[in-house]
Amino acid sequence: MQPPQLDEEEDDLYQILNVARDASEEDIRSAYRRMCVLYHPDKHQTEDLKKVARDMFPKIQKAYAVLSDPQKRGIYDVYGAKAVAAGLELAPYYNTMAELKAEFEMKQRREQEERLINMANAHVKMVVELDATDVFDYDSDDGLLQLLVGGVFVSHLSVAQSIETQITDANSLVISGALTSKDGSGSGQASLTWEHKYSDSCQIHTSMGGGSGRFTSVSVNKTFSNGAGLLLEGVVREIGLQPGTIAIAPNIAATIYRSLGSSAHGALKWSSGIERFMSTRLVYATQHMNILSKLQLGRSDSFLSVSVRRVVTDEVELRGTAMIGLDGPEMSVGIGREFGERSKVAVSLGLSGAHGVTVRLKLTRLNQEYLLPIILSDQVRVDTVACGLLLPLAVFAVIKRFVIDPMTRREEERQLHEKRRKNAAWIAERRKEALAAVKLMQQTVERKVASEQRVNGLVVESAVYGQLLVAPGTAVPSEAPLIDVTVPLQCLVKDSKLRLQPSSKASLVGFYDPCPDEPKQLRVRYRFQNKLHEVTIDDRDELKIPLRKHAVQ
């Protein structure tokens, strides 16, 4: 067997005990005893020697603790000491060495993926805009099927990507590029941005770009201890006034922002140059609500907008935006839904006096973003608005039915299977303890049953604890995580009565948890006054028997 790859600061445990890598358990035990005689602090008289021994002896103990344990030794032989440290956290959940190795390798792969993502943080955004106005503005002489097939075309296509890499703790580099095609003409641009963290409160960004409009920009962001900050931006770019003519357009902007409490902050921005305007922004954000209001006054663009985001559940959110400006009023409403760990789908309807009716579909996956705007009409009309309302709902229903729900079910099943696999060893240990307790109470229960039968009292005929997701009287699937708790419950019967407190029953003597972190129920079938009764309760509900309402008709 090849020795593990050791870090420079990592000691070889076999060398510490001075044994071969194929040493037997007895060889390791004998070597440890010899080392204890030499290095145990109590074996030395002077303080200097004791100090040396106190420094050395923990290494000997660590080496013996690992090499004397077959499971830890196997991990160390393959992966080294760091894997043993990781394995200490994983070991209680796995039954075999192979499972522990597989989990550690998976953990290593995940850490490697995270390192690669952090080293080259890539973002991709793709926009495909469809123009479907001909479908709604069709001539009666044209065939509807022909319009549905040929009346929809791509009016705008753009792809943008950026890659961020951390050079040092204080410096990072962002390389980005974009390609755009609209109305038969295309353009492209590439840029390079250097981000320098001068201090925890000061960052500097410098960018240069070329392609369709070269530019150079610098920004400085300074934050203060009172929750305020200042952002200064300067940019010089090329603009085309007419074919063959290019002008240089400088622009300077300053933004002052400040926290207005634990849930609100505001900002005031001034821009001078080719983009002359002043704007103010107020943001109110809580765990379930986010409100953004913005007012901008400018030479070419002035507007007032309010955006609201409301989190309905952990997976679903609602969004709405209203804006009024020089081009007239605009509004949009939408819904978003998360599925999986890092995926999200959203649909929205936008109404605008200048741009008409647009349906937007958005899919986000990790750092990838895909947008599909569909222009239904260049005017706000009743038929296109109605279609715009129904189309997102229909698309969302289809996506939920055939994409989100199946993925969610597969992920839940995978997580449940993984959780049960990890808990198998722990459950087996608890089961062993519970069976030992049941064995101890067996004779006591037999006496109680005989005593209750003499007075037609309370006799528990059967009791099961675990996942009971079927109706009373229905056979429970054999694979369901259930345990028999008839004996422990009968042992708790006193004077023909049984009371269980409103808390988890897994802690009762003779019980154990067959499915940790999953919903559980308790079903009891019992006889009282020679009548059969049955009751099913949730794990944390209170149990009181006997009761007349439990009688089986």
Side-chain angles (χ1 to χ4, degrees), residues 123-138 142-160 181 288 290 307-322 330-352 355-417:
H123 295 262
V124 177
K125 182 177 181 180
M126 183 175 183
V127 180
V128 180
E129 183 181 85
L130 302 180
D131 191 328
T133 55
D134 289 346
V135 176
F136 293 92
D137 296 334
Y138 66 91
D142 298 330
L144 180 59
L145 180 60
Q146 181 181 357
L147 285 169
L148 290 175
V149 175
V152 180
F153 60 91
V154 177
S155 59
H156 174 75
L157 175 64
S158 68
V159 179
S181 175
H288 300 288
N290 188 300
S307 300
V308 179
R309 171 179 169 269
R310 171 69 178 177
V311 178
V312 181
T313 66
D314 291 340
E315 295 85 17
V316 180
E317 66 177 26
L318 301 176
R319 290 179 178 268
T321 301
E330 297 183 16
M331 67 170 295
S332 68
V333 292
I335 182 173
R337 168 70 188 268
E338 292 184 359
F339 63 97
E341 294 183 355
R342 301 181 181 179
S343 300
K344 183 178 180 180
V345 63
V347 294
S348 64
L349 170 65
L351 306 177
S352 169
H355 307 289
V357 181
T358 303
V359 172
R360 293 180 177 87
L361 309 179
K362 180 179 179 181
L363 174 65
T364 305
R365 172 68 175 170
L366 294 174
N367 293 331
Q368 304 173 25
E369 185 177 333
Y370 303 94
L371 297 175
L372 182 65
I374 305 175
I375 303 175
L376 303 183
S377 175
D378 53 11
Q379 297 178 351
V380 179
R381 297 175 2 203
V382 175
D383 56 344
T384 54
V385 172
C387 182
L389 287 172
L390 295 176
L391 183 59
L393 296 177
V395 170
F396 189 80
V398 171
I399 294 176
K400 183 178 184 299
R401 172 68 176 83
F402 295 102
V403 179
I404 297 178
D405 289 349
M407 289 185 64
T408 302
R409 284 195 297 269
R410 287 195 298 268
E411 180 64 18
E412 289 176 350
E413 291 173 359
R414 186 194 67 80
Q415 292 180 358
L416 180 60
H417 176 75

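The figures that follow rest on heavy atoms only: side chains count, while hydrogens, waters and symmetry mates do not.
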With heavy-atom distances below 4.5 Å as the criterion, would you say the side chains of L376 and V359 are in contact?
yes
With E369 via salt bridge (Lys or Arg N to Asp or Glu O under 4.0 Å) - residues at least two apart:
K362
Contacts of V385 that satisfy side-chain contact (heavy atoms from CB on, under 4.5 Å) - sequence neighbours left out
L351, V357, V380, L389
Qualifying residues under side chain to side chain donor-acceptor pair (under 3.5 Å), relative to T321, sequence neighbours excluded:
S307
To check you understand the geometry: which heavy-atom pair defines the closest contact between V127 and K125, and what is its length?
CG2-CE, 4.1 Å
When rounded to the nearest 0.5 Å, the distance separating CG of L371 from NE2 of H156 is 9.5 Å
Nearest heavy atoms of V154 and L157, plus distance in Å:
CG1-CB, 4.4 Å
Under the side-chain contact (heavy atoms from CB on, under 4.5 Å) rule, collect the residues that match up with E317, sequence neighbours excluded.
R309, R319, K344
Of S377, S348, S332, P373, which meets side-chain contact (heavy atoms from CB on, under 4.5 Å) against T358?
P373
Give the C-alpha distance, both sets of side-chain angles, the deciding distance and a yes or no for side chain to side chain contact (heavy atoms under 4.5 Å, CB included) between V311 and T313.
CA-CA 6 Å; V311 178; T313 66; over 6 Å; no
Under the side chain to side chain contact (heavy atoms under 4.5 Å, CB included) rule, what do E129 and I375 come out as? Steps first, then yes or no, please.
CA-CA 8 Å; E129 183 181 85; I375 303 175; 3.7 Å; yes
Verdict with supporting geometry, N290 and V308, side chain to side chain contact (heavy atoms under 4.5 Å, CB included)
CA-CA 6 Å; N290 188 300; V308 179; over 6 Å; no
For T133 and D378, work out which heavy atoms get closest and say how close.
CG2-N, 3.9 Å
Partners meeting side chain to side chain donor-acceptor pair (under 3.5 Å) with Q379 (sequence neighbours left out):
none
Full working for side chain to side chain contact (heavy atoms under 4.5 Å, CB included) between M407 and R410
CA-CA 5 Å; M407 289 185 64; R410 287 195 298 268; 3.4 Å; yes
What residues, two or more places apart in sequence or in another chain, satisfy side chain to side chain donor-acceptor pair (under 3.5 Å) together with T364?
none
With a 4.5 Å limit on heavy-atom distance, are the side chains of R414 and H417 in contact?
no
Euclidean distance, D131 CG relative to F153 CZ, rounded to 0.5 Å
3.5 Å
Distance-only side-chain donor-acceptor flag, R365 / S343, under 3.5 Å:
yes
